[in-house]
Amino acid sequence: MGDGILSSGRGNSSSNRPEWLQQYDLIGKIGEGTYGLVFLARIKPPSANRGKFIAIKKFKQSKDGDGVSPTAIREIMLLREISHENVVKLVNVHINPVDMSLYLAFDFAEHDLYEIIRHHRDKVNQSINPYTVKSLLWQLLNGLNYLHSNWIIHRDLKPSNILVMGEGEEQGVVKIADFGLARVYQAPLKPLSENGVVVTIWYRAPELLLGAKHYTSAVDMWAVGCIFAELLTLKPLFQGQEAKGNPNPFQGDQLDKIFKVLGHPTQEKWPMLVNLPHWQSDLQHIQRRKYDDNALGSVVRLSSKSPAYELLSKMLEYDPQKRITAAQALEHEYFRIEPLPGRNALVPSTPGDRVNYPTRPVDTSTDIEGTTSLQPSQSASSGNAVAGNMAGAHIVTNRSMPRPMHMGGMQRMQAPGMTGYNVNPNAMGGGMNPAGIPMQRGVANQAQQQQLSRRKDPGMGMAGYPPQQKSRRF
Amino acid sequence: MAANFWTSTHYKQLLDPEEVDVVHPLDRERGVTVEDFKLVKMHMAQYILRLAQHVKVRQRVIATAVTYMRRVYTRKSMSEYDPRLVAPACLYLAAKAEESTVQAKALAFFIRKLYAEEKPRYERYEIKDILEMEMKILEALNYYLVVFHPYRSLTHLLQDAGMDDMTQFTWGLVNDTYKMDLILVHPPHLIALACIYIASVYKDRDTTSWFEELRVDMNVVKNIAVEILDFYENHKLIAEDRVNAVFNKLALKP
């Protein structure tokens with residue numbers, strides 16, 4: 001940015017396609033969420049970065065007619081300031097004044113921890129090798145330490161927000177993504193619930209579940225602990241059932257899941273406990289069942305004497321003031337013993353252990369305009385899904401015809417039972433590619449750059465929506 | 001970054017005074033002088049303040065909005081970016097950036113209210129106009145939205161100097177610095193120090209040794225203080241008719 005490629009030109013008369021889009025080959029849609037859609041694109045010549053893959057996150061205009069969503073504003077605000085190897089890189093911002101949409105272009109990342117864990121659990125059926133776990137965790141902590149030392153709390157860390165670069169110079173490098181909920185915490189932060197934000201509960205720290213009003217960086221460390229355990233066992237550590245309701249229901253089941261594994265917190269170990277609203281008001285409910293034993297070691301199958309266990313239990317310390325910080329965790333003995341963590345987390349020193357992770361599925365049928373605009377000024381024809389898809393087909397034709405579905409792409413396809421989770425009434429409608437045509441394998445495998453974040457969509461009113469659910473399914 | 005001024009985009013974007021006082025060629029063609037330019041920005045800063053008092057946002061939001069407005073006019077012309085729309089749109093954007101979101105509807109309501117109460121020279125801008133301008137401002141700012149203000153350092157410095165009783169007085173001085181372009185030129189803590197310096201001279205406090213221990217360039221601090229004092233000298237009040245005259249110039253085709 002700042003190099004003159006930021007642009008906002010209005011589309012020509014025949015379409016609402018913004019001019020800036022011409023610098024990219026649009027390949028297809030790779031994700032969607034409450035904020036909007038995510039597309040995979042490739043920078044065209046004559047740019048010096050030609051051939052580079054980028055992910056374009058399109059923010060819908062906010063529904064309440066209030067312009068650019070505050071989430072997008074804050075994400076841009078933070079991303080424009082930060083720069084770190086383990087934090088996703090914003091390479092461009094574009095606006096389209098015609099439909100008042102806003103686009104963030106990121107380096108594209110082929111993988112994320114959600115998909116890596118899922119691949120191990122459901123496909124190869126074996127645990128992630130210790131080198132990869134340790135390298136992923138170290139880099140995650142390294143990026144988080146950078147954020148925390150700059151007074152930024154992420155607030156929504158979960159496996160799908162932790163990206164990993166695919167083939168290329170940065171292969172196996174972790175990138176923390178999705179800063180829509182991140183905040184600078186020099187000023188006291190309002191609870192997310194007051195901003196009408198719903199986030200995943202599985203990675204939520206106990207002090208927040210118990211009603212703490214203010215966030216500290218310790219909430220991110222709790223999430224890292226949960227992710228660490230999930231990397232080890234391939235299963236979410238605390239899979240609570242989310243309580244629905246407004247505005248911010250007490251998540252009793254989530255707490256129960258935590259207590260079951262870690263034992264009940266006590267005032268001796270956590271002095272501030274008694275001051276937390278839900279501990280006070282729901283004492284009977286919370287303490288209805290007593291779990292005294294700490295079962296963490298058996299759940300994650302680690303010896304209580306191992307450095308890995310020691311580090312994990314410090315991340316899952318109840319008292320946020322005693323919880324290990326990112327800086328302290330990086331110094332932990334776990335990272336000083338073999339196997340030592342490395343920059344390419346995906347390629348362990350013993351080549352035999354290498355796992356080839358699948359590439360992201362790409363829906364080439366969805367155009368950048370494929371989402372229904374709320375802007376009434378947009379012509380009826382360009383606003384509907386059919387026209388949108390026609391435009392999309394046009395673009396794709398320019399770079400490479402979508403081929404009939406490759407079997408290779410099937411491995412990324414959603415399990416049949418899960419298709420219901422991602423119905424986006426706006427974007428998917430009748431325009432959804434019924435064949436789920438994936439990106440050509442060749443293209444996918446060349447992906448050298450990365451990133452893109454897709455946030456689980458908590459706002460689509462999906463009953464029983466588990467936090468893990470990808471909202472992009474093709 | 002966000003908590004460290006010296007690595008922030010705010011620091012990297014600081015300008016020399018000569019770069020700030022440049023009238024855009026399109027405005028110059030219409031006869032707008034540097035003095036006119038400063039006057040309009042000052043007037044719009046006042047307008048943002050009045051609007052902000054209606055929609056009830058913190059001082060910090062106001063300061064950020066004024067900074068955005070001033071940054072916009074280091075790059076864009078007033079002829080193309082009507083200050084009377086840029087100002088409320090900056091307030092609208094700043095409120096989002098500072099997590100005090102204001103509804104466009106509410107803002108448009110108070111714009112109409114101010115319009116009815118006061119000068120007829122305000123265009124009747126509507127919600128749609130504010131939303132469009134919000135995007136244009138984002139682009140004009142090159143999407144750099146983090147702004148550091150003197151208030152935070154002011155509080156710390158006053159405590160350190162044992163001058164807590166001067167909080168209100170110096171806070172008011174800092175507020176007034178947004179009628180100038182100081183925030184585009186100087187690191188905020190130096191602006192805070194200049195305000196403390198003025199306060200200590202004005203209230204006859206001996207802060208010489210305290211300033212010496214700070215290891216800051218006192219020449220810079222004193223120069224900022226002089227600029228602030230000059231401003232008070234020259235702009236006891238904003239001449240409404242002069243502002244109107246500039247708006248008339250801007251509306252005229254060359």
Side-chain angles (χ1 to χ4, degrees), chain A residues 1-4 6-9 20 61-62 64-84 87 90 92-102 104 146-153 179 182-190 194-196 375-377, chain B residues 1-13 58-61 64 68 75 88-108 126-149 151-153 155-156:
Chain A
M1 275 172 300
D3 51 5
L6 292 170
S7 61
S8 65
W20 59 261
Q61 196 197 357
S62 67
D64 47 7
D66 249 312
V68 184
S69 82
T71 308
I73 297 285
R74 291 172 203 142
E75 184 161 10
I76 294 171
M77 186 168 172
L78 286 177
L79 287 168
R80 281 300 255 156
E81 299 287 322
I82 56 186
S83 168
H84 188 270
V87 173
L90 178 68
N92 235 322
V93 183
H94 301 287
I95 58 180
N96 180 13
V98 175
D99 67 352
M100 306 247 278
S101 51
L102 184 112
L104 304 190
Y146 167 81
L147 295 174
H148 288 175
S149 54
N150 283 294
W151 301 82
I152 296 168
I153 315 180
F179 287 79
R183 292 296 182 273
V184 178
Y185 58 99
Q186 43 189 352
L189 295 165
K190 283 186 196 168
E194 281 185 23
N195 297 331
Q375 189 70 358
S377 65
Chain B
M1 100 96 213
N4 182 352
F5 175 74
W6 303 106
T7 58
S8 70
T9 57
H10 181 161
Y11 174 64
K12 289 170 195 152
Q13 290 186 98
R58 294 169 297 152
Q59 185 65 38
R60 187 182 170 79
V61 179
T64 298
Y68 287 170
R75 302 187 179 107
C90 283
L91 182 60
Y92 182 59
L93 178 60
K96 286 182 188 174
E98 301 286 357
E99 296 204 56
S100 308
T101 304
V102 169
Q103 284 193 332
K105 215 190 300 178
L107 201 60
E126 302 295 339
I127 294 174
K128 175 177 75 71
D129 305 307
I130 296 172
L131 300 185
E132 274 178 24
M133 185 51 81
E134 180 191 29
M135 295 209 123
K136 291 171 80 172
I137 288 168
L138 269 175
E139 193 180 29
L141 295 173
N142 206 1
Y143 308 96
Y144 291 123
L145 301 176
V146 169
V147 183
F148 288 76
H149 297 293
Y151 299 103
R152 183 171 302 274
S153 4
T155 314
H156 294 155

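Proteins get letters first, then strands, A, B, ... in listed order; numbering begins at 1 in each.
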Rounded distance (nearest 0.5 Å) linking atom OG1 of B:T7 with atom CD of A:E81: 8.0 Å

Shortest non-hydrogen separation from B:K96 to A:R74 and the atoms involved: O-NE, 3.3 Å

Nearest heavy atoms of B:M135 and A:S101, plus distance in Å: CE-O, 3.6 Å

Region of B:L138 in contact with chain A, defined by heavy-atom distances below 4.5 Å: side chain

For B:H149, all residues meeting side chain to side chain donor-acceptor pair (under 3.5 Å), sequence neighbours excluded: B:T64, B:Y178

Flag side-chain contact, heavy atom, 4.5 Å: B:Y143 against A:I95: yes

Chain A contact via B:T9 - which portion, at a heavy-atom distance below 4.5 Å: both

Partner residues of B:Q59 under the side chain to side chain donor-acceptor pair (under 3.5 Å) criterion, sequence neighbours left out: B:Y151, B:N175

Approximate separation, where rounding is to 0.5 Å, of A:I73 CD1 and B:Y92 OH: 9.0 Å

Expected output: side-chain B:Q103 to main-chain A:D66 donor-acceptor under 3.5 Å: no

Close side-chain approach of A:R80 to B:V146, heavy-atom, < 4.5 Å: no

Distance in Å, A:M77 CE paired with B:L93 CG, rounded so as to fall on 0.5 Å steps: 9.0 Å

